[in-house]
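Down below is the structure, laid out as structure tokens.
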Amino acid sequence: MSAESSTLTDRLGAGAWYGYVALVALFFLTPLFSLVIASFYDGRFFSIVDYEFSLDWYRAALASGSIRSAFLNTVRISVPVTILSTIIGTGGAIAYTRYEFPWQEQFKLLALLPIFFPLILLGLGMSMWSSVIGLGYGIVPSIIGELVWISPIVMFVVSITALGVDPNIEEAARDLGADTVTLYREVTLPLIKDGVVSGAIFAFVLSWNNYYIVSYLSGPQSTITTWIHGRMTQGFTPVVPAVASLIFYVSLLLVVAAFVVEFRDDGE
Amino acid sequence: MSALDTLRGRMDAVATSDNPLATLVTPPYVLLLPLAVLLLVMFVGPMVAIVLFSVQPGNAISLNPGTWTVEHYAEILGGMASGEGVYGDVLVNTAAVSAVTTVVTLVLSYPAAYALARKIKRYKTVFLLVLIIPLFTSVNIRVFGWALFLVNNGVLESVVSLFGVSNYPTMMYQRWTIILGTTYVYMPFMLFPIYLSLLSIEDETIAAAQDLGANRWTLFRRIVLPLSKPGVIIGSLFVFILSLGADVEAQILGGGSIFTMASNINYSFGYSQNWPLGSAQAVGLLIITVVCGVIILRTINLKEIASRGDA
Amino acid sequence: LGGGGGGGSEGNSWRTQELATVPAPGDAALYEPTDQDQTGETINHLTWTGYDASNVQGPFREQFDCQTQLDLFTSNPKAFNRLQSGEWQQFHQATFDMAWIPRLAEAGLIRPIDYEDWKPYTFDQYIDLFKKENGYKYAFVNEDDYTFDIDGTMYGAPQRFGWASFVVNTDNVSEDAYSSYDAAWSDEFEVGIYDLMFWGIQIIMLREGIDPFKEHTEAEVEQVRQATFDLFDNAKTLLPDFASMNQAMKSGEIDIGFISGNWINGTLRRGGNMQFEAVVPEEGSVIWVETTAFVKGDQPTVSDNYLAYMQRGENALKLSWPTSGGTNVVPHQTAWENYNDRQREVLRVDEVRDIIDRSVFYTGIPDLDKFEPIWREAKSRL
Amino acid sequence: MLQATDLRKEYGSLVAVDDVDLEIETGEFATIVGPSGSGKSTLLHMLAGHLEPSGGTITLDGEDITDTKPQERPTSLVFQSWALFPHMTVRENIEFPIRTTGRSVDGQVETLLEQVQLDPEVQADKQVSELSGGQRQRVALARSLAYDPDILLLDEPLASLDYVLQKQLQRELADLNVELDMTFVYVTHSLEAALVMSDKLFVIDEGDLIQTGPPEEIYREPNNKFIAEFMGDANVFAVDVVDSDGETVTVDSGEFEGSVTVSTPIDDAPEYLVVRHDDCVVEPTLRRAVGAPVHVDNVLVRGNTVLVECSSTTTDDDYVAEVDYDHFESVDIAVGDTAYIQWETEKSILVPE
Amino acid sequence: MLQATDLRKEYGSLVAVDDVDLEIETGEFATIVGPSGSGKSTLLHMLAGHLEPSGGTITLDGEDITDTKPQERPTSLVFQSWALFPHMTVRENIEFPIRTTGRSVDGQVETLLEQVQLDPEVQADKQVSELSGGQRQRVALARSLAYDPDILLLDEPLASLDYVLQKQLQRELADLNVELDMTFVYVTHSLEAALVMSDKLFVIDEGDLIQTGPPEEIYREPNNKFIAEFMGDANVFAVDVVDSDGETVTVDSGEFEGSVTVSTPIDDAPEYLVVRHDDCVVEPTLRRAVGAPVHVDNVLVRGNTVLVECSSTTTDDDYVAEVDYDHFESVDIAVGDTAYIQWETEKSILVPE
Ligand SMILES: Nc1ncnc2c1ncn2[C@@H]1O[C@H](COP(=O)(O)OP(=O)(O)OP(=O)(O)O)[C@@H](O)[C@H]1O
Ligand SMILES: Nc1ncnc2c1ncn2[C@@H]1O[C@H](COP(=O)(O)OP(=O)(O)OP(=O)(O)O)[C@@H](O)[C@H]1O
Ligand SMILES: NCCCCNCCCN
Ligand SMILES: [Mg+2]
Ligand SMILES: [Mg+2]
């Protein structure tokens with residue numbers, strides 16, 4: 001039974017919590033707002049002084065084949081990476097937190113090390129290694145390369161939740177005849193759901209934003225990050241903010257959907 | 001469904017057999033095997049390649065097992081010892097940026113994570129999503145967005161000019177703007193682990209502490225903080241390590257006012273084409289991060305914190 | 001008869017032998033697809049932004065019914081590393097700044113090209129400055145010592161070019177001041193340094209009156225060190241990329257960008273901001289020429305069609321003014337004839353001859369590693 | 001004095017605590033009993049401040065504390081689920097409230113552990129996860145005692161303990177109540193504890209406070225059939241009132257032989273006669289004032305007493321008599337016999353529904 | 001038959017279960033009692049397969065199941081801490097074992113809930129977090145029953161229930177034991193449950209199995225002083241053996257008047273005379289075979305019985321008599337009086353330390 005509160009000071013207190021989170025959200029969004037503003041600017045390098053509204057960059061972004069293929073490649077990499085790293089990382093987390101086995105601490109260290117590796121080195125090292133073992137370059141090597149870095153991160157995110165689960169509950173499930181598959185599907189996984197979902201979000205975000213590994217392993221396939229990096233270094237136009245803004249608009253739909261759902265629930 | 005059944009049958013059939021190979025398809029081995037194999041194949045190899053490169057002479061661009069040298073280590077360590085060269089500065093700068101970033105993100109994230117986990121009930125998904133969606137846009141373009149915000153004639157200027165402020169010191173290319181950048185980029189890696197660990201604290205534990213006279217501060221210090229330790233540790237680790245590797249982020253806003261290890265390594269591999277030197281620096285960075293990580297993880301045993309059930 | 005284009009038909013050997021010389025069929029056959037070219041193949045081209053623009057790639061893809069994938073890189077050495085570490089298997093063509101062509105040849109990453117076969121598709125198209133007959137040697141490699149040599153083997157085809165110097169905001173910096181690189185060492189101006197070490201070092205050498213492309217003495221190294229430190233000590237900021245640099249110029253945060261060049265500031269100019277100019281002061285600039293080469297390994301049948309297409313004057317003009325990416329000049333006569341007034345102004349086409357006259361061609365600093373720590377250390381002084 | 005007025009808690013449509021009024025004097029040992037799910041824990045959590053009432057007020061010595069935070073109330077709750085701090089040792093758990101109140105810890109942990117019959121040397125530095133259920137429960141109790149509250153709220157604090165320990169700790173608590181002048185509000189399902197230890201007993205059912213008073217009074221004069229049965233095993237007979245003069249009432253029933261005239265404090269007309277199992281005996285013939293003919297179904301020996309389970313020969317009802325082992329041996333009763341379950345008139349309790 | 005041989009569990013240096021041998025017949029109702037922390041839960045967890053023994057074997061019908069996985073044992077454990085699935089409703093919790101065994105769920109949840117006295121309409125679709133303590137405990141019980149195990153292991157399954165419910169469910173369990181021919185291994189601290197329900201009783205203390213047998217035998221002929229006291233409130237007197245002929249033994253003591261000659265099944269020389277509180281009475285004069293002079297310190301009414309607490313006039317010992325309310329009223333005893341606590345010779349139990 002949890003404490004609830006109703007006094008005025010408590011209300012103010014609750015308001016302050018909301019206010020603070022709103023500030024943090026604002027902090028997170030500030031550069032996106034700036035990019036949105038810049039994406040409608042008619043010139044090439046943004047200035048508020050001679051601002052004129054234009055949709056040209058959006059037209060260019062939507063028409064561009066290289067953006068489309070960068071986008072598709074990014075999806076082709078990040079979706080499998082999200083799914084696979086969530087599975088691999090969750091497996092590692094469950095093994096590490098819910099079982100005892102020989103070499104457990106060594107396993108933890110091995111699983112941890114890639115997180116410590118600066119990404120540029122991982123990319124470079126994997127690029128060298130990839131030709132040694134004949135893995136090659138392209139979408140699949142990029143997926144494998146990203147998994148090396150992202151699965152351990154998922155493992156650690158999931159571990160946080162898995163560490164909080166009462167072992168008695170799993171014992172009870174076993175006791176009641178659950179075989180391994182049932183145990184995971186109906187008890188363990190639902191109990192660590194928050195962690196797995198967070199892990200998957202982390203995985204997606206990290207894969208979506210990965211530059212170094214992809215830039216070394218994707219071969220001729222460009223992704224949004226390598227595309228943006230190229231544009232920043234060579235040939236910048238506000239198509240770049242326009243692309244960023246488009247991604248932002250699409251993800252805003254999620255927020256709107258969540259808001260509507262919640263608002264409806266509230267009404268009931 | 002039928003695949004599941006087969007799997008189920010196989011797993012549990014195997015569990016009873018004594019075949020040591022067969023135990024590999026039972027938990028925990030079946031769970032940790034993919035990760036272990038992945039890392040052994042695709043991580044240990046590259047790591048070894050880098051270590052090997054770091055002992056290659058001169059500007060070698062391919063591995064030659066016959067020749068090796070410690071000249072690059074000597075250069076780095078010698079430079080650090082004598083105070084010449086950049087390595088000492090770079091190390092200090094990098095550590096300082098990472099430490100400050102870790103502290104700042106921790107201080108800023110904790111209250112937000114706490115609010116999200118325990119105070120915010122209505123519109124929680126909305127808040128969570130608002131915090132997540134910026135991450136769908138690449139890091140460098142988001143940091144560039146900050147530059148657009150801060151530069152002369154940028155967005156900030158138009159906002160403050162609404163309030164009649166026109167003369168204010170330039171915001172770009174300062175040391176603190178590096179911290180702004182790294183804080184901005186890495187804060188989610190602090191916020192979400194802490195949020196998760198706070199989420200798993202039982203309401204009754206909090207109620208019991210309040211009941212026993214804990215004021216807000218005591219409640220925080222003795223109950224909430226220790227129980228959220230896994231999240232704080234993992235979050236701090238992420239942020240510290242990731243900001244040790246900060247490159248683009250640091251440079252755009254900071255205008256190179258702080259030269260960090262990752263930039264320096266990047267530079268060795270990129271413009272200066274000195275792979276062995278870059279690898280040697282990389283090994284140095286690795287040693288630092290691994291040592292920090294191992295110390296942190298050893299001193300705080302995650303499993304111990306977690307043993308909450310009973311026997 | 002083997003006259004049919006892309007030449008799937010005869011001489012398949014160069015496609016499969018890793019380092020075989022690349023021949024070309026005559027009679028403009030490469031400009032038209034043949035039956036064999038209706039393959040739905042994919043060309044992978046490792047190159048710079050601009051090449052990927054839809055106005056550049058679209059027509060070729062349509063005409064030859066194939067895909068082109070452009071991997072856009074941002075740094076010669078990094079691209080070199082990638083090919084070297086094994087990615088050569090992924091690519092069919094690569095476009096590097098020409099100083100890298102001998103190195104690529106030396107590393108066995110690119111193929112020789114049959115000059116006579118290819119002349120109609122390439123050098124015959126260029127303005128006089130880029131004719132072999134007139135001494136343009138930066139596509140030809142002496143395979144004994146891997147230097148540029150007019151009598152050497154052709155390894156690449158020039159594609160886009162420009163100069164590296166510095167950019168000034170002519171509204172704030174007087175012509176007097178920018179007639180020398182000294183402006184960047186002057187505390188009168190806000191200076192931003194683009195973190196592009198080996199271009200920066202070359203320009204510093206020019207300012208110091210030192211030939212960049214030779215072995216340097218201790219004293220010269222010392223001189224460069226001092227000049228570099230002075231430059232950084234005077235600078236306001238270091239800029240990591242093109243976009244940040246131009247944004248800093250545009251916003252007035254800096255008056256001078258060191259270094260820059262037409263490939264960098266052209267974007268500002270194309271946006272109508274003609275006050276930004278990559279001026280070439282009296283010390284001169286460094287001329288770079290993007291040069292496309294065939295990468296070793298298997299090649300699709302349309303690979304030679306692609307090169308011929310990219311080299312054709314009207315397509316080069318599009319590359320010069322892509323729908324996305326930066327603006328640059330190209331050496332193609334047709335392009336020069338067809339630039340409109342605005343393009344001429346933005347690209348400063350009419351100044352190009354003079355600039356080349358006053359500049360040196362980028363052939364690579366042989367002892368770059370002496371200067372690399374200097375730049376490193378200078379950065380830590382900011 | 002701790003006072004609740006119209007205290008109410010609703011969970012959605014379920015009224016867990018329904019406008020309860022209660023008064024507990026300072027130093028009193030008040031016990032709350034009631035069936036599982038009747039609202040006892042809910043009530044305690046509201047008194048402790050962990051649960052916001054849906055209505056009503058709580059005052060302490062006249063001061064309204066309804067909105068006071070738990071940490072500012074001089075109360076401490078021993079949680080039904082213990083709620084020990086999982087990341088602390090036993091010692092740290094117990095020191096926690098001592099530190100929050102700024103007192104010095106020296107030696108207290110040992111004393112408290114001994115008070116709850118735990119060996120400080122063995123248990124003090126264990127992790128909570130290394131304790132048995134009963135050991136945890138005692139640590140939870142010791143921790144609340146360490147807070148030294150004015151009012152100790154106990155939610156079934158001894159449920160997981162063995163009989164001997166329960167007794168010892170009940171005694172310990174009763175002593176503390178007197179020694180420390182601490183007010184105890186004790187939720188228990190142990191009738192024995194309720195009857196022996198408390199000054200005042202509250203009976204709660206489905207969120208309603210249905211009877212309040214000294215335990216003996218409630219035992220002897222339950223308000224209704226539910227309380228009568230709840231306070232101890234009993235046989236129940238539906239009765240009809242045949243006579244009533246305000247002071248005494250006379251009832252009879254088709255289910256037993258003989259009519260019963262007793263004084264009753266209840267205003268409502270009685271509908272049931274309740275007689276406790278241990279007030280009944282089963283003998284072959286009817287030798288007491290009231291009795292019903294039965295078949296003997298089962299005989300269970302329970303230490304010194306014997307449960308004789310039987311069923312009415314005339315109705316569907318089952319009855320039980322709890323008789324002395326010696327008495328049982330002295331009368332000749334065996335399973336299958338027909339006999340009389342019987343009791344003295346004055347053992348009859350008349351109650352309404 | 002479920003059999004454990006030399007079963008052992010060590011936690012570091014602590015021996016929680018110390019080479020225990022036990023045999024439980026199929027269909028038997030076996031009860032394990034022992035003080036808090038004596039190793040009961042540990043033993044049960046080993047039988048269920050959740051805890052790996054440090055030594056010894058477990059066999060079921062002769063087959064060694066020591067290393068069998070919990071889900072493959074035909075056992076089900078009702079956890080002391082319930083271990084309900086927090087993310088499921090009551091219904092889903094109960095359906096869980098039905099599904100794992102591939103049976104159809106229809107109607108079973110309702111039947112099971114009713115068996116544990118929960119109203120399916122109200123409770124079935126609640127979240128676990130919305131239940132009271134006692135309701136949770138009953139769901140845990142229903143869930144284990146739903147598994148329909150051959151052997152049901154119960155770790156204090158009724159500890160959080162009120163008296164009436166406890167009785168009802170004890171009865172229910174006893175019936176199930178018979179109906180379903182299910183073997184029950186029942187850990188409880190309720191002596192009453194232990195005595196009434198079980199076919200066989202195991203007494204465990206500090207990890208040792210110290211007595212096994214039918215409950216009545218253990219009640220009447222405890223092995224030692226600890227068990228004697230543990231099986232019910234008792235007064236203890238140190239005694240000296242004055243005579244012994246192998247069959248009977250005669251003792252006396254400085255603490256009581258009269259000497260006691262009883263038959264004893266114990267081999268060891270008895271050192272204590274134990275007599276249960278409810279076998280004693282306190283009267284002004286010594287009217288029974290044995291008795292000790294005491295001061296009456298306190299009188300507690302507990303429903304139909306009265307606890308008379310007194311202290312020896314000659315030693316420091318305290319004694320208690322639990323007398324009938326009627327008997328108490330009939331003798332003239334009040335606090336402060338000097339009187340005799342007394343009992344019949346045959347109520348004396350002689351035990352070694
Ligand atoms: N995980 C553990 N680590 C160390 N000691 C433990 C652990 N679990 C139990 N113990 C100890 O083992 C002993 C037996 O514990 P167990 O839980 O079996 O007792 P129990 O008889 O069930 O007691 P209770 O009636 O209080 O539940 C106790 O002293 C306990 O402190
Ligand atoms: N969070 C909740 N949401 C909905 N209903 C609840 C909640 N908590 C308790 N209840 C219901 O309120 C009623 C009272 O619960 P409470 O825990 O106070 O009972 P209790 O008297 O303590 O029972 P027990 O003796 O079983 O612990 C129960 O019917 C329970 O199901
Ligand atoms: N790392 C060096 C970048 C050199 C830029 N070259 C300019 C030419 C553009 N193709
Ligand atoms: Mg309760
Ligand atoms: Mg136990």
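In what follows, every chain begins at residue 1, and chains take the letters A, B, ... in the order their sequences are listed. The basis for the numbers below is simple: all heavy atoms, side chains too, and nothing from hydrogens, waters or symmetry mates.
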Would you indicate whether the side-chain heavy atoms of B:Arg216 and D:Lys69 approach each other to under 4.5 Å? yes
Rounded to the nearest 0.5 Å, how far apart are CD of B:Gln210 and OG1 of D:Thr100? 12.0 Å
Are more than 12 heavy atoms from other residues, nucleotides or ligands located less than 6.0 Å from atom CD of D:Glu63? no
For the CD1 atom of B:Ile223 and the CZ atom of D:Phe96, what is their distance to the nearest 0.5 Å? 4.0 Å
Roughly how far, to the nearest 0.5 Å, is the NE2 atom of D:His50 from the CD1 atom of B:Ile206? 11.5 Å
Measure the spacing between CG of B:Leu212 and CZ of D:Phe85 and express it to the nearest 0.5 Å. 5.5 Å
Contact winner vs chain B - D:Glu72, D:Arg73, D:Arg143, D:Arg99, heavy-atom pairs under 4.5 Å: D:Arg143
Are there over 12 heavy-atom neighbours, none belonging to D:Glu206, within less than 6.0 Å of that residue's CD? no
Bottom line for D:Ser76: the part with an atom under 4.5 Å from chain B's heavy atoms is both
So, does B:Asp211 use its side chain to make a donor-acceptor pair with the main chain of D:Pro70 at under 3.5 Å? no
Can you measure from CD (D:Gln71) to CG (B:Asn215) and round to the nearest 0.5 angstrom? 7.0 Å
So, for D:Met88 and B:Arg222, which heavy atoms are closest and what is the spacing to 0.1 Å? CE-O, 3.4 Å
Indicate the atoms forming the closest heavy-atom contact of B:Ala208 with D:Ala83, along with that distance. CB-O, 3.6 Å
Pairs of heavy atoms under 4.5 Å with chain B: top-ranked of D:Ala48, D:Ser144, D:Ser81: D:Ser81
